[in-house]
Number of protein chains: 2
Amino acid sequence: MAGRPERRPVCLGFPHVPPHAILTALLEKPSSGLELTRRFDRSIGYFWPATHQQIYRELGKLEQAGFIRALPSAQPSRGQKKEFEVLPAGRAELTAWASGEQDTKPVRNALVLRLRAAAVVGRAGLDAELRRHLALHERQLAQYEEIEERDFGAVAGPEDRLRRLVLRAGVGLETFWVQWLQEALAEVEDMEAGGRPGE
Amino acid sequence: MAGRPERRPVCLGFPHVPPHAILTALLEKPSSGLELTRRFDRSIGYFWPATHQQIYRELGKLEQAGFIRALPSAQPSRGQKKEFEVLPAGRAELTAWASGEQDTKPVRNALVLRLRAAAVVGRAGLDAELRRHLALHERQLAQYEEIEERDFGAVAGPEDRLRRLVLRAGVGLETFWVQWLQEALAEVEDMEAGGRPGE
DNA sequence: AGGAGCATGTAATCTGTTACATGATTTG
DNA sequence: CAAATCATGTAACAGATTACATGCTCCT
């Protein structure tokens, strides 16, 4: 009966994550959109990937909200590089966000789903797909370990220790997947060889 | 110059994942929308969560595509239970999907991001948040292990072996997070205690 | 001058989420 | 019968992805 209640605009507090990833990156170093994109492809992007389209969109919102501003040096023309820096309000926003709770986004993994599908419609090509993923994760793991060796040889201040923890998460995750894929491959190959009863 | 080329409708091949998760679940056992929702909350949903709204939407699309149909027994009235079963075309679609490659969705993890933010705006409340996540992952791990013990005591046919591999992935993932969080907590506590130079 | 590539940006679409709406069934 | 609950759905929106469009710079 009562008319639909007003729908509050959620944009004020920035409850979602991407803008905070960008604020963090900009506090580490003022950058343009493409520079951010490239830095996301390395470090931060391993745990929160973003394309340049997303980044430009968020930069626009952050600028409009007064959290960042374009460095005066850069012209605002189309193909011109435009660098941003964080304003005090932006730092405050990031601090507020970091003082709250971060919910874990549910995992979505199509390969695992395919295993379940294979239990119903058959395992054709399953071993090849497992091997493909194994190679991918081994490559990613090698890349993480190379970064760790290069950037974190000797432990330094708290900032670096925290950043190293992030990298350790990447190493641990990839290590897990490599192990699990090897286990899965062995199991599937054993099935193909007619290992146990049941088929 | 040249007018925009026709945009192909992507709906024919169902290139995305959710419908295939539903087809798998329906092949295991014909179900209604809410039953599917509950089964997703257990098993499959651990690696591809879906709310009942998503499931109803996908059920509608799958029915329209001729991949599933409502069991004739059920009335098509509003609050009435409506059970679906997979048609041959649906099984073929799932088989085709399972014979292809499954891309890994990029991980999105806000907690790790927060660690990086903490390196820039300070670590206030970080240990509490780490502890909170540790408790969550410990609980999830315990739940997985309980399921494993209950449902997979003795190994049976290939179907169960595959499903067990899925569960092993869950166990391994949670185990990793528990370990990493413990490592991170120790590191952060050491920093608070003024462990090393740099602050 | 012309072309390659850099840099910023727009448009359309799809997936997932949140909030709400409505019909049926059970239970006090 | 009224309230609680089960079950199916609708609407609106936010986040992410893909494809495309446009301006600038540098190099030959």
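Keep in mind it's a predicted model, so treat the numbers as computed, not measured. Chain letters run A, B, ... following the sequence lines, proteins first and then strands; every chain starts at 1. Atom set for the values below is all heavy atoms of this structure, side chains included, hydrogens, waters and symmetry mates excluded.
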(Q) Both B:R38 and A:P49 contact DNA chain D. Which one's nearest nucleotide lies toward the 5' end? (A) B:R38
Rounded to the nearest Å, what distance is computed from the [atom1] atom of residue [X] to the [atom2] atom of nucleotide [N]?
X: B:R57; N: C:dG16; atom1: CZ; atom2: P; result: 8 Å
X: A:I22; N: D:dA16; atom1: CD1; atom2: P; result: 10 Å
X: B:E58; N: C:dG16; atom1: CD; atom2: C1'; result: 10 Å
X: A:F40; N: D:dA16; atom1: CZ; atom2: C1'; result: 14 Å
X: A:Q54; N: C:dG9; atom1: CD; atom2: P; result: 16 Å
X: A:L62; N: D:dG15; atom1: CG; atom2: P; result: 12 Å
X: B:Q53; N: D:dC13; atom1: CD; atom2: P; result: 16 Å
X: A:K105; N: D:dG15; atom1: NZ; atom2: P; result: 8 Å

Q) Is A:Q64 reaching over with its side chain to a backbone N or O of A:K61, donor-acceptor style, under 3.5 angstrom? A) no
Q.
Closer than 3.5 angstrom, by distance alone: can the side chain of B:R39 be matched with the main-chain N or O of B:A25 as a donor-acceptor pair?
A. yes
Q: Taking only the side-chain nitrogens and oxygens of B:S32, find out if one of them lies under 4.0 Å from OP1 or OP2 of D:dT8.
A: yes
Q.
Strictly below 4.0 Å: does A:Y56 bring a side-chain N or O up to OP1 or OP2 of C:dG9?
A. no
Q: For ring-ring contact (aromatic ring centres under 6.0 Å, His included), just list the numbers for B:F40 and B:Y46, CA-CA rounded to whole Å, side-chain angles, deciding distance to a tenth of an Å, and then say yes or no.
A: CA-CA 8 Å; B:F40 266 66; B:Y46 290 139; over 10 Å; no
Give the nucleotide from the list [options] with an atom nearest to the side chain of [X].
X: A:H52; options: D:dA16, D:dT8, C:dG9; result: C:dG9
X: A:L34; options: C:dT8, C:dT18, D:dT17; result: C:dT8
X: A:P18; options: C:dG16, D:dC20, D:dA16; result: D:dA16
X: B:K82; options: D:dT18, D:dA7, D:dT8; result: D:dT8
X: B:P106; options: D:dA16, C:dA7, D:dT17; result: D:dT17
X: A:R108; options: C:dG16, D:dT8, D:dG15; result: C:dG16

Q: Describe, in one word, how the ring planes of B:W177 and B:W180 are oriented to each other, choosing from parallel (under 30°), tilted (30 to 60°) and perpendicular (over 60°).
A: perpendicular
Q) Does B:D151 pair with B:R164 as a salt bridge, N-O distance under 4.0 Å? A) no
